[in-house]
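The structure under discussion appears below in the form of structure tokens.
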Amino acid sequence: MIDKTVGSVEDAVAGIQDGDTVMIGGFGPSGQPVELIDALIAQGAKDLTIVNNNAGNGDVGLAALLAQKRVRKIICSFPRQADSWVFDELYRAGEIELELTPQGNLAERIRAAGAGIGAFFSPTGVGTELAAGKEIRTIDGKDYALEYPIRADFALVSGLKADRWGNVVYRETARNFGPIMATAATTTVVQVDELVELGDLDPEVVVTPGIFTDRVVAVGTRAWLDEDGTFVGGVTVDGQPLDATDAKETAR
């Protein structure tokens, strides 16, 4: 019988070792697997390379992992925002390495790893410092830079529901980087609000098929969501507390 569920977040992150590359889903707080990150903090792995769209928000989740100085390098597209003070302090002190990658290139590099593509050419970044040292090729009169896939030892992903086979559905824009990261890691770990019975998920809406999932853990309703799914807490891009309207949009 196929059963990819594990009983705790501690079991879910077991095996992550010092020096591993770990993809972490999320676009800011939306879709960030905070419970898995907290378990990784407690687990103790260090000298990690983290792949994420951002570089942490406030003092929780990924930012808390950075604050523990457990991350050697981060690969991301948007490291600077109003509440990225943890990363900012570490970077200015020379205590973390940054590989800055435009968001589209970041997504495609991850997707390429999952699709078995050896490399690809992208126009994004050509003519800037981001393309320095990269092979440039002119195709149909336009310059492109050679980009390589990003692979990971582990991917930590947040979904809404899953079954024991590891089929996963997501909540609106919390889906973001989760599906491609799930395909690009040796071991994919998914936390979900709810585990459902086989057959309860419409196959037509399954986003991450179970073939890409190695472990699933149910964490219950997200700690920062109230009963109707509205985001509780957080700040705007200007560093101001989210009001009810902005908060609901952020969580989508």
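Position 1 is the first residue of the sequence; numbering continues from there.
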What I'd like to find out is whether the side chain of [X] reaches to under 4.5 Å of the side chain of [Y], using heavy atoms alone.
X	Y	value
Val71	Ile96	yes
Phe177	Leu106	yes
Leu40	Leu48	yes
Pro33	Ile24	yes
Asp88	Arg80	yes
Leu62	Asn54	no
Ile16	Asp153	no

Non-hydrogen atoms of [X] and [Y] that approach each other most closely:
X	Y	answer
Pro79	Ser84	O-OG, 3.3 Å
Gln68	Ile41	CG-CG2, 4.0 Å
Val216	Asp163	CG2-O, 4.5 Å
Val13	Gln43	O-NE2, 3.6 Å
Asn176	Gly26	OD1-N, 3.1 Å
Gly58	Ala63	O-CB, 3.2 Å

Please list all pairs meeting salt bridge (charged side-chain N to carboxylate O under 4.0 Å, His left out) that have one or both residues in [range], counting only residues at least two apart or in different chains.
range	result
residues 130-146	Lys134-Glu147, Glu135-Arg137
residues 10-20	Asp18-Lys46
residues 107-125	Glu99-Arg109, Glu108-Arg111

Could you see if [X] belongs to whatever hydrophobic cluster contains [Y]? Use Ile, Leu, Val, Met, Phe, Trp, Tyr and a side-chain cutoff under 4.5 Å.
X	Y	answer
Phe78	Leu90	no
Val189	Ile211	no
Leu160	Val157	no

Contacts of Tyr91 meeting ring-ring contact (aromatic ring centres under 6.0 Å, His included) (sequence neighbours excluded), chain-then-number -> Phe87

Quick one: [atom1] on [X] to [atom2] on [Y], what's the gap to the nearest 0.5 Å?
X	Y	atom1	atom2	value
Asn167	Leu201	CG	CG	6.5 Å
Thr138	Tyr144	OG1	OH	10.0 Å
Thr183	Ile110	OG1	CD1	8.5 Å
Asp83	Asn57	CG	CG	4.5 Å
Arg171	Ser158	CZ	OG	10.5 Å

Around [X], counting heavy atoms of other residues, nucleotides and ligands shown, do more than 12 lie under 6.0 Å from its [atom1]?
X	atom1	answer
Ile139	CD1	yes
Lys161	NZ	no
Glu89	CD	no
Lys69	NZ	no

side-chain hydrogen bond (donor to acceptor under 3.5 Å, both in side chains): which pairs involve residues 207-220, sequence neighbours left out? Tyr170-Thr208

Among pairs that include at least one residue of residues 197-207, which meet side-chain hydrogen bond (donor to acceptor under 3.5 Å, both in side chains), considering only residues two or more places apart or in two chains? none

What verdict does the side chain to side chain contact (heavy atoms under 4.5 Å, CB included) test give for Cys76 and Leu98, after you've listed the backbone C-alpha separation in whole Å, the side-chain angles of each residue and the deciding distance to 0.1 Å? CA-CA 8 Å; Cys76 71; Leu98 169 66; 3.8 Å; yes

Audit row: Arg164, Asp3, salt bridge (Lys or Arg N to Asp or Glu O under 4.0 Å) steps and yes/no: CA-CA 5 Å; Arg164 64 176 173 83; Asp3 187 352; 5.6 Å; no

From the list Asn52, Ile180, Leu156, Ile150, side chain to side chain contact (heavy atoms under 4.5 Å, CB included) with Met23 holds only for Ile150

Does any donor atom in the side chain of Ser77 or Asn53 lie under 3.5 Å from an acceptor atom in the other side chain? yes

